[in-house]
Novice: 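Before anything else, here's the structure in question.
Every number for a ligand or one of its atoms is a count from 1 in the order of the listing.
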Amino acid sequence: VRGSTPAPGAEFVRYGGHTSCVAVTHDDAQRPALILDAGAGLQRASRLLAGAPFDGTILLTHLHWDHILGLPFFAAGDHNEARVSVLLPEQPDERPAAAVLAQVMSPPYFPIEPTELRGAWTFGTVAPGERRIEGFSVLAREIPHKGGRTFGYRVSDGHSTLTYMPDHCPTALGAGEDGIGEYHPAALELARGADVLIHDAQLFPEELAAEASFGHAVGDYAVALARRAGVRSVVLFHHRPDRTDEALDGLALRLGGGDAPTVSVATEGATLTLP
Ligand SMILES: [Zn+2]
Ligand SMILES: [Zn+2]
């Protein structure tokens with residue numbers, strides 16, 4: 001649920017301190033097959049497998065630290081019997097995925113390289129467009145963020161749809177009609193009619209002027225985008241690391257409580273059941 005860097009401490013316990021990670025499970029399955037982002041929260045995802053090795057895909061939105069640093073701490077993946085496919089956005093220089101990750105995960109920055117994890121790990125890239133991943137239909141679109149190519153994803157099993165845009169800077173494309181960012185075609189396409197939109201809410205409105213250049217959105221944008229795109233439920237995600245439980249209660253009060261879409265503030269360990 002957290003953005004930028006983990007946030008341990010007494011004032012963060014209710015909403016949680018691990019960085020971005022969302023595990024997606026099919027209706028009829030016991031265990032997740034698709035994991036969105038490998039932030040520090042990936043460490044917790046092992047619990048969902050109850051000791052079993054992971055057999056599935058980790059799909060990364062982009063390569064910022066808060067979305068990849070959990071990779072070597074995923075016990076269910078770093079396991080002799082595991083099968084893990086890691087997919088990340090195609091890089092402008094077309095470097096192989098394992099080499100891109102090894103740039104931050106290799107000595108002297110880290111003791112081992114991605115290819116040294118136990119189990120059968122493969123590394124690949126995704127291009128914008130639609131493809132099948134672990135039995136889901138996944139649409140990838142490039143969205144504005146900052147420093148490095150970033151994708152938003154729309155994941156569907158044919159009857160339920162989840163849209164995931166944890167890091168999104170819509171003001172990079174202009175102020176838009178509400179002054180909080182452009183409602184651009186990629187964001188609208190990803191979100192259209194989704195059951196759940198998990199979206200960047202790193203900034204509060206009073207911070208937007210000073211901090212928009214860091215590449216994030218205000219929660220108000222997520223709600224307004226959801227309204228335009230006919231989304232049923234918005235989950236405000238990627239909380240600023242210094243955002244206390246009290247401040248997030250305030251966010252829930254300010255943006256929650258309306259009719260449609262329903263709005264909630266992401267809480268670590270929460271389970272969302274899609275209709
Ligand atoms: Zn992030
Ligand atoms: Zn980022």
Novice: Output the distance between atom CD (Glu134) and atom CD1 (Ile58), rounded to the nearest 0.5 Å.
Specialist: 10.5 Å

Novice: For the Zn ion (ligand 1), does an N/O/S atom of His238 lie at less than 2.8 Å?
Specialist: yes

Novice: Flag yes if more than 12 heavy atoms outside Gln30 fall under 6.0 Å of its CD atom; otherwise flag no.
Specialist: no

Novice: Can you name the one residue among His145, His62, His184 that meets ring pair (Phe, Tyr, Trp, His ring centres under 6.0 Å) with His168?
Specialist: His184

Novice: With no hydrogens and no angle check, just 3.5 Å: does a side-chain donor-acceptor pair link Tyr221 and Asp178?
Specialist: no

Novice: For His239 and Phe12, I'd like to know if the aromatic rings sit close, meaning centre-to-centre distance below 6.0 Å.
Specialist: no

Novice: Please indicate how many protein N/O/S atoms are found closer than 2.8 Å to the Zn ion (ligand 2), with waters neither displayed nor included.
Specialist: 4

Novice: Take atom CZ in Arg149; do more than 12 heavy atoms of anything else shown fall under 6.0 Å from it?
Specialist: yes

